[in-house]
A.B. asks: 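Before I ask anything, here is the structure I am working with.
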Amino acid sequence: MAKMTVLQYPDERLRKVAQKIEKVDDNIRSVIDDMFETMYEEQGVGLAATQVDVHRRLFVSDCSEDQNEPLVFINPEITEAEGHFKNDEGCLSFPGVYAKVERAEKITVTALDKNGERFSRSAEGLLAICIQHEIDHLDGKLFVDYLSPLKRERIRKKLEKEQRLAEKQAAEAQ
């Protein structure tokens with residue numbers, strides 16, 4: 001297993017729409033293992049393949065307190081959604097940024113698991129938020145797209161400033 005690099009906003013590769021996975025094979029399972037390692041090391045609860053520059057319809061998740069409930073979703077589709085609520089969301093591609101986003105309260109998702117077996121799962125709470133958030137990534141949509149243009153611009157400027165500062169510090173350290 002190997003840790004992958006998480007793309008940071010405003011990297012345009014985050015906007016790329018992921019392609020359907022035709023066959024779940026050892027290569028895909030290896031990507032899944034690397035994505036779990038990356039997600040856990042970054043202390044996230046979900047990670048879409050597009051966030052690590054793999055533009056395939058795949059995401060991993062673990063919303064448990066003890067990080068002992070890993071879930072794999074290949075070619076996921078939300079088949080039912082009901083209710084609405086707003087909750088703070090963050091994203092590994094937006095370090096330190098949180099914003100209220102409206103999502104469906106309860107969902108049902110159909111996908112393939114790590115072995116290529118089809119399953120359906122109902123979810124609410126954090127897992128429902130995570131599934132909707134990660135599917136958005138696969139569609140090239142980011143959680144800031146739900147915010148006003150002004151808030152989006154503030155976030156972009158903040159992250160660009162932090163990136164310039166980090167690059168300057170790295171250059172000075174050499």
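Basis for what follows: all heavy atoms, side chains included, without hydrogens, waters or symmetry-related copies.
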A.B. asks: What pair of heavy atoms forms the shortest contact from A48 to F59, and how long is it?
C.D. replies: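 Looks like CA-CB, 3.7 Å.
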A.B. asks: Is it the case that atom CD in E65 sees more than 12 heavy atoms from other parts of the structure closer than 6.0 Å?
C.D. replies: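 Atom CD in E65 is not packed in, count stays at 12 or less.
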A.B. asks: Show me the pairs that pass salt bridge (charged side-chain N to carboxylate O under 4.0 Å, His left out) and involve residues 111-128, at least two apart or across chains.
C.D. replies: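 Checked against salt bridge (charged side-chain N to carboxylate O under 4.0 Å, His left out) - neighbours excluded - the pairs reaching residues 111-128 are D33-K114.
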A.B. asks: Measure the CZ-NE2 distance between R15 and H137 for me, rounded to the nearest 0.5 Å.
C.D. replies: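 If we round to the nearest 0.5 Å, R15:CZ and H137:NE2 are 10.0 Å apart.
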A.B. asks: Indicate yes or no for a side-chain donor-acceptor contact from E102 to the backbone of H84 under 3.5 Å, with no hydrogens or angles considered.
C.D. replies: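 It does not hold such a pair.
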A.B. asks: Please step through salt bridge (Lys or Arg N to Asp or Glu O under 4.0 Å) for the pair K141 and D139, ending with a clear verdict.
C.D. replies: CA-CA 6 Å; K141 188 171 186 175; D139 294 334; over 6 Å; no
A.B. asks: What closest approach, in Å, do I21 and R57 show between heavy atoms, and which atom pair accounts for it?
C.D. replies: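 The answer is CD1-O, 3.7 Å.
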A.B. asks: Under the side-chain contact (heavy atoms from CB on, under 4.5 Å) test, which residues partner N87, sequence neighbours left out?
C.D. replies: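 Counting only residues at least two positions away or on another chain, N87 forms a side-chain contact (heavy atoms from CB on, under 4.5 Å) with F85, I129.
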A.B. asks: Decide yes or no for M35 and M39: does some side-chain heavy atom of the first lie under 4.5 Å from some side-chain heavy atom of the second?
C.D. replies: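 When only atoms from C-beta onward are counted, M39 and M35 do not touch, as no gap falls below 4.5 Å.
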A.B. asks: Looking at every non-hydrogen atom in both residues, tell me the closest pair between A49 and L138 and how far apart they are.
C.D. replies: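 The pair with the smallest heavy-atom distance is N-CD2, 4.2 Å.
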A.B. asks: Over 60° means perpendicular and under 30° means parallel, so classify the ring planes of H133 and F143, tilted if in between.
C.D. replies: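 Rings of F143 and H133: tilted, as their planes differ by 30° to 60°.
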A.B. asks: For Y98, I'd like to know if atom OH has over 12 heavy atoms of other residues, nucleotides or ligands within 6.0 Å.
C.D. replies: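 Open.
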A.B. asks: Between the main-chain N or O of D34 and the side-chain N or O of T38, is there a donor-acceptor pair closer than 3.5 Å?
C.D. replies: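 Such a contact is found between T38 side chain and D34 backbone.
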A.B. asks: So, using salt bridge (charged side-chain N to carboxylate O under 4.0 Å, His left out) as the criterion, who are the partners of K106 when residues are at least two apart?
C.D. replies: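 If we apply the salt bridge (charged side-chain N to carboxylate O under 4.0 Å, His left out) test to K106, skipping adjacent residues, there are no hits.
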A.B. asks: Would you call D136 and R103 a side-chain contact if the rule is heavy atoms closer than 4.5 Å?
C.D. replies: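 When only atoms from C-beta onward are counted, R103 and D136 do touch, with a gap below 4.5 Å.
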A.B. asks: Identify the heavy atoms of R56 and I28 that sit nearest to each other, and give their distance.
C.D. replies: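 Result for this residue pair: NH1-CD1, 4.1 Å.
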A.B. asks: Could you pull out the closest heavy-atom pair between E80 and I78, with the gap in Å?
C.D. replies: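 Between these two residues, the closest heavy atoms are O-CG2, 3.3 Å.
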A.B. asks: Counting C-beta onward and ignoring hydrogens, is there a side-chain heavy-atom pair between L142 and F94 closer than 4.5 Å?
C.D. replies: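 When only atoms from C-beta onward are counted, F94 and L142 do touch, with a gap below 4.5 Å.
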A.B. asks: Please collect all side chain to side chain donor-acceptor pair (under 3.5 Å) contacts where either partner lies in residues 66-78, sequence neighbours excluded, each pair once.
C.D. replies: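 Output for this query lists S64-N68.
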A.B. asks: Taking atom CG of L112 and atom NZ of K20, what is their separation to the nearest 0.5 Å?
C.D. replies: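 One finds 8.0 Å between CG of L112 and NZ of K20.
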A.B. asks: Mind checking whether L159 and Q8 have side chains closer than 4.5 Å, heavy atoms only?
C.D. replies: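 They are not in contact (no side-chain heavy atoms under 4.5 Å apart), so the answer is no.
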A.B. asks: Checking side-chain contact (heavy atoms from CB on, under 4.5 Å) for the pair T50/R13: CA distance, chi angles, key distance, verdict?
C.D. replies: CA-CA 7 Å; T50 52; R13 293 173 289 180; over 6 Å; no
A.B. asks: For K3, give me all partners under salt bridge (charged side-chain N to carboxylate O under 4.0 Å, His left out), at least two apart in sequence or on another chain.
C.D. replies: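 With neighbours one apart ignored, the set is E42.
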A.B. asks: Take a 6.0 Å sphere around CD of Q43 and say whether it holds more than 12 heavy atoms from other residues, nucleotides or ligands.
C.D. replies: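 Count not over threshold, so no.
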A.B. asks: Could you list the residues that satisfy salt bridge (charged side-chain N to carboxylate O under 4.0 Å, His left out) with D25, not counting sequence neighbours?
C.D. replies: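 Residues passing salt bridge (charged side-chain N to carboxylate O under 4.0 Å, His left out) with D25: none at all.
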A.B. asks: Quick check: do L165 and K161 have side-chain heavy atoms less than 4.5 Å from each other?
C.D. replies: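 No. Closest side-chain heavy atoms not under 4.5 Å.
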A.B. asks: Can you give me the closest heavy-atom contact between Q51 and G46, atom names plus distance?
C.D. replies: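 So the minimum-distance heavy-atom pair works out to OE1-O, 4.5 Å.
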A.B. asks: Could you state the interatomic distance from CD (E89) to CG (L126), rounded to the nearest 0.5 Å?
C.D. replies: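 Separation between the atoms: 9.5 Å.
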A.B. asks: For the NZ atom of K151 and the CD1 atom of I155, what is their distance to the nearest 0.5 Å?
C.D. replies: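 Reported value, rounded in 0.5 Å steps: 8.5 Å.
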A.B. asks: For the pair S93 (side chain) and L7 (backbone), establish whether a donor and an acceptor sit closer than 3.5 Å, ignoring hydrogens and angles.
C.D. replies: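 Yes, S93 side chain to L7 backbone: donor-acceptor pair under 3.5 Å.
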A.B. asks: Side-chain contact, heavy-atom cut-off 4.5 Å: D53 with T5?
C.D. replies: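 Side-chain contact under 4.5 Å: no.
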A.B. asks: Just one of N27, V24, V72 clears the side chain to side chain contact (heavy atoms under 4.5 Å, CB included) bar with I32, so which one?
C.D. replies: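 Testing each of N27, V24, V72 against I32, the sole residue satisfying side chain to side chain contact (heavy atoms under 4.5 Å, CB included) is V72.
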A.B. asks: Do the side chain of S61 and the main chain of V45 share a donor and acceptor less than 3.5 angstrom apart?
C.D. replies: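 Such a contact is found between S61 side chain and V45 backbone.
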A.B. asks: Salt bridge between R156 and E153, side-chain N to carboxylate O under 4.0 Å?
C.D. replies: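 Salt bridge: yes.
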